Amino acid sequence: MNTEHTLAIVKPDGVGKRLIGEVISRYEKEGLEIVALRMIKLSKREAKGFYAVHSDKHFFDSLTDFMSSGPVVVAVLAGENAISRNRQLMGATNPKEAAEGTIRRDFADGIEQNVVHGSDSPENAAIEINYFFPGIQLVHTS
Ligand code: ADP
Ligand code: MG
């Protein structure tokens, strides 16, 4: 068993397009367990803190403007290989390159406004979960 936790975000475009339910439903249908969930609006400063690993990228200012432009839903998903399974559900960063049936292929408008975030490694998952749910006791229902 390799039970993992991963941080997922429905980004402001996903919330604006009323995709919260659709996205959460895909996690549940995949068998990923939702063990924490909240809706928040990030400040520009919080968005910059979350995406600090990208601070040297040309898209950093635009990305953090976008991420602080409206509410987001942040969730912790748990399950066997949860990190890679969530990345599979999401699809490639650029929706034009995302596989059919993935969230980004189905709903994203472009490489920046791509509906969802998902942690890419156990190390980053731990950092990202702690960023939004500091000190959380993760509850399992199954
Ligand atoms: P992912 O979200 O697939 O892990 P990255 O970690 O590389 O992708 O990038 C973080 C986020 O930054 C992306 O989800 C997207 O919103 C944005 N982004 C990535 N690459 C670009 C780009 N070339 N132009 C604009 N925004 C980008
Ligand atoms: Mg990433």
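Model, not experiment: these values are computed from the prediction. Whatever order the structure lists ligands and atoms in, that order sets their numbers, starting from 1.
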Less than 3.5 Å between some nitrogen or oxygen of [X] and one of ligand 1, yes or no?
X: Arg104; answer: yes
X: Asn114; answer: yes
X: His117; answer: no

Mind checking whether [X] contacts ligand 1 via backbone (N, CA, C, O), side chain (CB onward), both or neither, at a 4.0 Å heavy-atom cut-off?
X: Val53; result: neither
X: Met67; result: neither
X: Leu63; result: side chain
X: Lys57; result: neither
X: Met90; result: neither

query = Taking a hydrophobic cluster as the set of Ile, Leu, Val, Met, Phe, Trp and Tyr residues connected by side-chain heavy atoms closer than 4.5 Å, whether directly or through intermediates, do Ile103 and Ile83 fall within one such cluster?
reply = no

message = Over 60° means perpendicular and under 30° means parallel, so tell me whether Tyr51 and His117 are parallel, tilted or perpendicular.
response = perpendicular

inquiry  = Suppose we screen for side-chain hydrogen bond (donor to acceptor under 3.5 Å, both in side chains). Which residues come up paired with Arg85, at least two apart in sequence or across chains?
reply    = Glu30

request  = Could you tell me whether a side-chain N or O of Asn124 sits under 3.5 Å from a main-chain N or O of Ser119, the two making a donor and an acceptor?
outcome  = no

Taking the side chain as every heavy atom from C-beta outward, state whether [X] and [Y] have any atom pair closer than 4.5 Å.
X: Asp61; Y: Lys44; value: yes
X: Val116; Y: Arg26; value: no
X: Thr6; Y: Tyr27; value: no
X: Ile40; Y: Phe132; value: yes

What protein heavy atom lies closest to [atom]? Include the residue and the distance to one decimal.
atom: atom 25 (C) of ligand 1; answer: Phe59 CB, 3.5 Å
atom: atom 3 (O) of ligand 1; answer: Thr93 OG1, 2.6 Å
atom: atom 24 (N) of ligand 1; answer: Ile111 CG2, 3.6 Å
atom: atom 7 (O) of ligand 1; answer: His54 CE1, 3.9 Å

message = Atom CD of residue position Gln88 - does it have more than 12 heavy atoms of other residues, nucleotides or ligands inside 6.0 Å?
response = no

key: Options Arg87, Glu112, Gln113, ranked by nearest heavy atom to atom 26 (N) of ligand 1, top entry   = Glu112

